[in-house]
Amino acid sequence: MSGITIIMLLPLLVIIIAVPLLVGVYVYRDASSRGMNAVLWTLLAVLAPSLIGFIIYLLVRGSYSNLKCRVCGERLREDYMVCPGCGAKLRPSCPNCSAPVEPDWKLCPRCAAPLPEQQTDIAAPVKKKDRTLPVILAAVILVPLVLILLSVAAFTTESTMSSATALLSVDDYIQETGNTQIREWLSKKKPADNQAAVLRYEIDTDDETVTQYLIYIPSLSESAEYTVESGSGFFGDSIDVDISDKGEGSDALMSISFTSGDAVDISITCEGEKMQCEIEDVKEPLD
Ligand SMILES: [Zn+2]
Ligand SMILES: [Zn+2]
């Protein structure tokens, strides 16, 4: 059980530590580059539950500039007239009073001086591309998802057989067991030669389900290989049944029990082919 607990807790730890760390570093750097209050936004993004702070940050930051100088790469703000790094002229201005003007204005609105037709020495700022955000978003979404899937897989794989008893003949089994329900069932049951009859009992406790099976194969074929498979596909488990000390045509009983998060289904194959299996649920334990 401790193995399961650690595997289940690991993704939670990663989500609790790694994702806020990633978001925190990103927000701090991005907010600094936009002249926003980096510490405040980082705290908000990291500490607000369910990444709400990060989402708010992404919405709010749009109104802050992410401009840089076309000439020297210096970070710029929306209201800068010239680049503080290299002095490049960032937007048209009045040649008389230096007030900022729009390119299509004819007169300066502040000093009424006529403006030149076109100002050619303008190095308009460029928008910085944010290549990190898609990576962060992918990580924020994918990391927990992948980890949860892995832990589910790990958890499901843990749900293996907890015990299997050796094959017994019906006569031996009846002698050994004091279970009248099984005795009655065996005395009435006579499945066809190529079929198996199965009793199933399930009990749910708080955090796990125990599934018990009693498998009755009425006529073994000596050279065949029998396998009991549990679960399905990827998460399944299979047990080869050893029939080496049983004679051709003899009957056989085997009990298997599983402990897992959920009820476990089984199928029985003989020489790779699924045997027809008649499963009967009972209300009393099979031991
Ligand atoms: Zn510059
Ligand atoms: Zn002017």
Side-chain angles (χ1 to χ4, degrees), residues 10-149:
L10 198 68
L12 277 176
L13 271 177
V14 171
I15 293 168
I16 289 167
I17 295 166
V19 168
L21 201 72
L22 204 67
V23 168
V25 170
Y26 173 79
V27 169
Y28 185 84
R29 295 176 62 174
D30 192 71
S32 315
S33 81
R34 287 164 193 269
M36 299 165 75
N37 188 331
V39 174
L40 194 73
W41 278 111
T42 306
L43 285 176
L44 185 69
V46 171
L47 297 181
S50 311
L51 295 170
I52 281 177
F54 184 44
I55 294 164
I56 293 174
Y57 172 76
L58 291 180
L59 294 174
V60 168
R61 71 165 191 180
S63 51
Y64 285 79
S65 121
N66 57 341
L67 302 176
K68 66 172 186 179
C69 173
R70 187 180 291 278
V71 181
C72 72
E74 178 75 34
R75 286 174 198 148
L76 303 174
R77 287 197 1 214
E78 211 84 58
D79 55 344
Y80 287 0
M81 296 296 295
V82 294
C83 168
C86 67
K89 207 172 163 190
L90 301 173
R91 48 201 295 194
S93 58
C94 169
N96 184 39
C97 73
S98 297
V101 296
E102 292 299 320
D104 56 343
W105 289 354
K106 304 268 186 297
L107 295 173
C108 170
R110 194 201 271 172
C111 69
L115 298 173
E117 197 85 334
Q118 215 168 19
Q119 302 197 13
T120 48
D121 53 344
I122 307 295
V126 285
K127 275 212 157 116
K128 265 190 298 191
K129 282 206 180 80
D130 190 349
R131 289 200 180 84
T132 329
L133 185 61
V135 177
I136 299 272
L137 288 180
V140 163
I141 294 163
L142 286 178
V143 167
L145 199 69
V146 166
L147 287 169
I148 287 165
L149 284 179

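Every number for a ligand or one of its atoms is a count from 1 in the order of the listing.
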Within less than 2.8 Å of the Zn ion (ligand 2), how many protein N/O/S atoms are there?
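Counting protein N, O and S atoms closer than 2.8 Å to the Zn ion (ligand 2) gives 4.
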Using modelled atom types only, decide if a donor and an acceptor are shared between the side chain of Tyr57 and the backbone of Ala31 within a distance under 3.5 Å.
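Judged by distance alone, yes, a pair lies under 3.5 Å.
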Are the side chain of Arg70 and the backbone N or O of Val126 linked by a donor-acceptor pair below 3.5 Å?
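Flag not set: sc Arg70 to bb Val126 has no pair under 3.5 Å.
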What donor-acceptor contacts under 3.5 angstrom involve side-chain atoms of residues 100-107, with partners at least two apart or in another chain?
none

For residues [X] and [Y], report the shortest heavy-atom separation together with the two atoms involved.
{"X": "Ala113", "Y": "Asn96", "answer": "CB-CB, 3.7 Å"}
{"X": "Gly53", "Y": "Ala48", "answer": "N-CB, 3.5 Å"}
{"X": "Gly24", "Y": "Val46", "answer": "CA-CG2, 3.5 Å"}
{"X": "Val27", "Y": "Ala45", "answer": "CG2-CB, 3.8 Å"}

Mind checking side chain to side chain donor-acceptor pair (under 3.5 Å) for Tyr80 and listing every partner two or more places apart, or none if nothing turns up?
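For Tyr80 there are no side chain to side chain donor-acceptor pair (under 3.5 Å) partners, ignoring immediate neighbours.
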Environment of the Zn ion (ligand 1) in terms of protein N/O/S atoms, cut-off under 2.8 Å
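N, O, S partners closer than 2.8 Å: Cys69 SG, Cys72 SG, Cys83 SG, Cys86 SG.
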Kindly determine whether Leu58 and Leu133 satisfy side chain to side chain contact (heavy atoms under 4.5 Å, CB included), including the steps that lead there.
CA-CA 10 Å; Leu58 291 180; Leu133 185 61; 3.7 Å; yes
